[in-house]
Amino acid sequence: MMSESTFSEDLLAGLTPEQREAVTSPQKRILVRATAGSGKTHVLTLRIQRRVATDDIDHDHVLAMTFTRKAADELSQRLYRAGVRDVRAGTFHRAALSIVNQYRHDRSLPPTVIEPNRRKLVTELIAQMNSAGSVTRDWQIPQIEQELAWSLSLGLRTSTYVRAATLARRQCPLPLGQFAELIDRYIGLCQSRAVYDFDLLLSEATRILSDEPAVRAAFRYRNRALFVDETQDMNPLQFALLREMAGDDPDLFAVGDPNQSIYGFNGANPTLLEEISALWPDTVTLDLTRNHRSTAHIIMVANTLLEAGARGITPARDDGELPNIQSFDTDVDEAARVASWLQSKNQPGSPWKSMAVLARTNAQIDVMASALEHVGVPFERRGAEHSPASDLTGAPLTRNRVLRTEVPNAVALSTIHRAKGLEWQHVAAIGWSDGLLPFRSAHSESELAEEQRLAYVALTRAEISLLITWSRGPVAGHRGERAPSRFLAAIEEVISSERLATAPLSPADGSARAASLKAKLISSLHQPNETSTS
């Protein structure tokens, strides 16, 4: 079926010069570093749409990839609405499955079997090891599963795990040597069951492209233009697959925001964006720094969370109201105040579905849900999905689902991880105390940096108003009060400075400020001119 894509040059009219360049550039390889709210997925979609509509590339030669089920759904919906109906779009897992399936079909091998539930496999493996004399407790299984996910996402095996885990200062649930052996035991179990988990699927697809020249040539012939969205979520295993897909001279367009890389537990590494330029040195890098979502005051606050050396966000909207920080004695008091704040925002033009409460953990969402239920505020929980879940699980994206996506008129209760990529008019970011944000398990420099990026993601979901809250209530299982999050000091400082700068002056203060400015002006006029002596 031929693509129905059309592209009117009028679609470029509303773009900034930077966005327009990203959409229309004739360059073969482009890396777009785009801040929150800068329209990066919109730019990627327009570029695909324009290239297909102008016959620069055939729709059947395009492969668009991303890293989470939610992002894959969003990308597919945008392409569908743009009239690009036949482009292959989905997660890296879906692309990998296509490669492995084709390889096995061509060799009359049994179809690929995916086991999406790694916990099931790990539990079986631990039972086998315990029956052979090991002593591993059931409560360690979630930790083992998480460490295994990290290890496989980096492509680690028995011979390489110990050194990598030591350098990364991993808090492994087992002695390092014992866990290294467990990795190979796990892989052996999957092979004996003739199943792949998601990471082993990526590894197998990478191996096939690397070892089978005919398969590699066929893949590259069909997938001549690669588009990668949310590239900051890429882990080394996915990068290895991209490298094999792309070859030495790829047609590649990648977009991402290193400041929104929040899946470190899955091996994601924001520095891999720069590896694209290192691997293909003639890659053109474009920066989208203008935020079209949030008010200037929200951007001012979010900028305090950018890492050293990161480019600040430029707001495209007026100042708006100043974000507010409030503290409480207990989590229950905090939740009650947030519920009241949400009620005050429920005005014409701001329905319940335009609001969200974002938390670091699902336990915080439980408290918030009780408070909203108590006052009769409708809410929808979105907190269960923490990991970058694959689009190989869950309901498939159908035409009917694309056209009839409906959002209930309810306040969204979500973990910050689950909220990435979404936006609301009014956002309450709760639980900003040490032990929650940053989370108590974050110890290393890289882990704390990721918690800071997570905080940045939370704040940049807000369009119009932002409330940040924390409570002194003790963390479960610990004595003593909580302290405010270390991220709050810089935020409070800029809010205080802005409040002073915009506060109305009394007549006396106004006269004093005017006199001071006049004195500075007179002084500058009497300074001798500086001339160059070179």
Side-chain angles (χ1 to χ4, degrees), residues 1-8 11 22-30 32 41-67 69 71-107 111-112 201-202 205-206 208-209 212-231 238 241-255 280 390-392 396-403:
M1 184 176 80
M2 292 298 294
S3 170
E4 302 172 15
S5 173
T6 58
F7 188 90
S8 168
L11 292 172
V23 171
T24 64
S25 172
Q27 297 294 331
K28 191 173 184 179
R29 280 178 285 283
I30 298 176
V32 179
T41 303
H42 179 56
V43 162
L44 182 143
T45 304
L46 280 180
R47 185 171 177 87
I48 294 175
Q49 184 183 358
R50 185 174 186 272
R51 292 192 63 186
V52 170
T54 59
D55 294 325
D56 185 41
I57 189 72
D58 188 82
H59 66 274
D60 197 41
H61 291 156
V62 172
L63 176 61
M65 296 179 292
T66 187
F67 300 88
R69 177 172 56 211
D73 282 1
E74 174 67 16
L75 181 57
S76 296
Q77 290 182 39
R78 285 181 184 243
L79 288 170
Y80 193 95
R81 289 193 295 264
V84 187
R85 307 288 166 80
D86 305 315
V87 165
R88 292 180 297 285
T91 63
F92 267 64
H93 297 141
R94 184 165 295 279
L97 180 62
S98 177
I99 294 168
V100 176
N101 272 343
Q102 188 64 52
Y103 173 81
R104 296 181 71 85
H105 177 269
D106 292 346
R107 286 153 184 79
T112 309
L201 176 67
L202 295 173
T206 304
I208 290 171
L209 292 181
E212 303 288 341
V215 177
R216 181 171 64 245
F219 175 88
R220 292 177 183 171
Y221 177 82
R222 186 180 185 197
N223 302 282
R224 301 183 200 179
L226 302 177
F227 291 81
V228 185
D229 195 14
E230 303 288 354
T231 313
Q238 292 157 336
L241 178 56
L242 177 64
R243 187 170 59 239
E244 293 297 335
M245 289 176 165
D248 295 331
D249 187 29
D251 186 326
L252 175 65
F253 185 84
V255 298
W280 299 288
S390 172
D391 62 348
L392 298 185
L397 187 69
T398 63
R399 175 177 180 175
N400 199 42
R401 183 172 155 206
V402 169
L403 297 178

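Here the structure is a predicted model, which means the values were calculated and not measured.
When all heavy atoms are compared, the tightest approach of A96 to A205 is CB-CB, 3.7 Å. For the residue pair E230 and A71, the shortest heavy atom distance occurs at CG-CB, 4.2 Å. Looking at every heavy atom in both residues, G247 comes nearest to W280 through O-NE1, 2.9 Å.
Under the rule for a side-chain hydrogen bond (donor to acceptor under 3.5 Å, both in side chains), the partners of D106 that lie at least two apart in sequence or sit in another chain are Q102. Among residues two or more places apart in sequence or in another chain, the side-chain contact (heavy atoms from CB on, under 4.5 Å) test is passed with N223 by L63, R88, F219, L226. For S98, there are no side-chain hydrogen bond (donor to acceptor under 3.5 Å, both in side chains) partners at least two apart in sequence or on another chain. In this view, T112 and N101 satisfy the side-chain hydrogen bond (donor to acceptor under 3.5 Å, both in side chains) rule, not counting sequence neighbours. Scored by the side-chain hydrogen bond (donor to acceptor under 3.5 Å, both in side chains) test, R29 finds D249, D282 as partners (sequence neighbours excluded).
Applying the salt bridge (charged side-chain N to carboxylate O under 4.0 Å, His left out) test to pairs two or more places apart or on separate chains, those with a residue in residues 212-228 are D60-R222, R107-E212.
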Evaluate L44 against L75 for side-chain contact (heavy atoms from CB on, under 4.5 Å), listing each step before the verdict. CA-CA 9 Å; L44 182 143; L75 181 57; 3.6 Å; yes
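Classified by interplanar angle (parallel below 30°, tilted 30° to 60°, perpendicular above 60°), the ring pair F253/F227 is tilted.
Between I57 atom CD1 and R51 atom CZ the span is 5.5 Å, to the nearest 0.5 Å.
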